[in-house]
> 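Take a look at this one; I'll ask things after.
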Amino acid sequence: MFSNQELSDIKNLLQPDKEIVIVTHYNPDGDAIGSSLGLKHALKSAGIEATIVVPNDFPRFLKWMPDSKQIMISEFKRKKVAEILHNADVIFCLDFNTLSRIGFIGEWIARSSAAKILIDHHQMPDEFDYVYSDTTIPATCQMVYHFLEAMGWESNISEDSARCLYTGIMTDTGGFRFRSTSATTHRIIANLIERGADPAQITSDTWDTNTISRLHLLSLVLSRIELIKEGTVAVLWLKREEMERFGFEKGATEGFVNYGLSVLGVKMSAFFMEDIQEDFIKISFRSKDELDVNQFSRSYFSGGGHINAAGGRSELSMEDTIQRFKEIIEKENF
Ligand code: 5GP
Ligand code: MN
């Protein structure tokens, strides 16, 4: 948590007449959108308005969240976002820890004179003016809750705020399953339910939203799962042309990589997917226990993330990328 001095500085910065901006990462997920909206709604209860800026669009299954329509999507509103960031007094950076994770707006933020406040749970954060980084906490939404508590603002967690914070904790813990899910996480979840978050509604609106095209894509990807390194590493892949054929929608491949990890004996799963817009391959890594995919992705695929969930990229073709991955894996010691 921030020190008492920092909390008091932050309280002074968060005045109603200041321009407060909340920014989160590229390809925003449930925790990114949940923490941004959860914080925005809590600030609103304290009489402080904030604007949320994201680098690019986010999946439809997150758009049920209150005020999600007001989020500024930089790829669609470049000029407006440039102006907002230029005029900002305070920028909250949520659920990412390096400006390279937020695309072209990273440069604008670097140039902005605003006070930058980081709240994040990824490995190895860059420097910001105020840093609350804790890699043992499963979701940034949980950290926003701790932050509001430390500010003495728990009572500002309105029903809208609670619903958003609940969502990010649910998605980033894989439905309260991953190792970092703690008793504290569950206590916070209980408090959020008491403040109005409805588990059945949130689960249903976020997760029970499969389209037929997503299921067809999933069946294609599952049909060709390959196991390597004596059945300990799963490889999955999908090409742009295939996504287009099935009517790809943003977020449609979310969670595919986890199927690889669910295979008995598998310790690491890698999902390779051609980007729908640009010419590169986006990679998702998942692992179990001590196998560190954050380090793996940093070393070989210009990425990063958490120990058991990380992302990376490759500029090679799909065939060459997978070939290179297999060669690296055969040499790795695990
Ligand atoms: P996903 O595979 O779901 O895209 O990402 C898994 C985790 O790794 C997420 O927490 C995400 O923020 C992080 N991540 C994904 N791609 C990158 C990347 O290219 N660089 C870094 N540093 N982190 C990433
Ligand atoms: Mn997160």
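Note that the structure is a prediction, hence the values are computed from the model and not measured. Indexing begins at 1, ligand by ligand and atom by atom, following the structure's order.
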> Got the closest protein heavy atom to atom 11 (C) of ligand 1, with its distance?
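Nearest protein contact, heavy atoms only, for atom 11 (C) of ligand 1 is R101 NH2, 3.5 Å.
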> Say whether H25, considering both its backbone and side-chain N or O atoms, lies within less than 3.5 Å of an N or O atom on ligand 1.
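H25 vs ligand 1: no N/O contact under 3.5 Å.
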> Does R245 pair with E241 as a salt bridge, N-O distance under 4.0 Å?
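The answer is yes: the pair qualifies as a salt bridge.
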> Any side-chain donor paired with an acceptor under 3.5 Å for N308 and S287?
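Per modelled atom types, N308 and S287 side chains form a pair under 3.5 Å.
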> Against ligand 1, does R298 come closer than 4.0 Å with any heavy atom?
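So R298 does not count as touching ligand 1.
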> Pairing donors with acceptors under 3.5 angstrom, does anything connect the side chains of N156 and K44?
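Short answer, no.
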> Which protein non-hydrogen atom lies closest to atom 10 (O) of ligand 1, naming both residue and atom, and how far is it?
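So the nearest neighbour among protein heavy atoms is H122 NE2, 2.7 Å.
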> Report yes or no: do S182 and T185 form a side-chain donor-acceptor pair below 3.5 Å?
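S182 vs T185: donor-acceptor pair found between side chains.
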> Work out whether the distance between some heavy atom of R313 and some atom of ligand 1 is less than 4.0 Å.
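R313 does not count as a contact of ligand 1 under the 4.0 Å cut-off.
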> State whether R240 and E278 are salt-bridged, where the test is any N-O pair (Lys NZ or Arg NE/NH1/NH2 against Asp/Glu carboxylate O) under 4.0 Å.
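No, no charged N to carboxylate O under 4.0 Å.
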> Nearest protein heavy-atom contact for atom 2 (O) of ligand 1: which residue, which atom, what distance?
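The protein heavy atom lying closest is S284 OG, 2.6 Å.
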> Could you tell me whether K63 sits above the aromatic face of F58, with NZ or CZ closer than 6.0 angstrom to the six-membered ring centre and within 45 degrees of the axis?
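Yes, a cation-pi geometry.
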> If you group Ile, Leu, Val, Met, Phe, Trp and Tyr by side-chain heavy-atom gaps below 4.5 Å, do F256 and I212 land in one group?
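No, because F256 and I212 fall into different hydrophobic clusters, even though each may have its own neighbours under 4.5 Å.
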> With a 4.0 Å cut-off on heavy atoms, does K282 reach ligand 1?
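In this structure, K282 qualifies as a contact of ligand 1 - some heavy atom is under 4.0 Å.
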> Going by distance alone, is a donor N or O of one side chain under 3.5 Å from an acceptor N or O of the other, for S35 and D95?
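The answer is no; no qualifying pair exists.
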> So what's near the Mn ion (ligand 2), protein N, O or S atoms under 2.8 Å?
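The answer is D31 OD2, D95 OD1, H121 NE2, D172 OD2.
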> Taking the basic N atoms (NZ, or NE/NH1/NH2) and the acidic carboxylate oxygens, is any pair closer than 4.0 Å for D275 and R313?
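Result for this pair is no, no salt bridge flagged.
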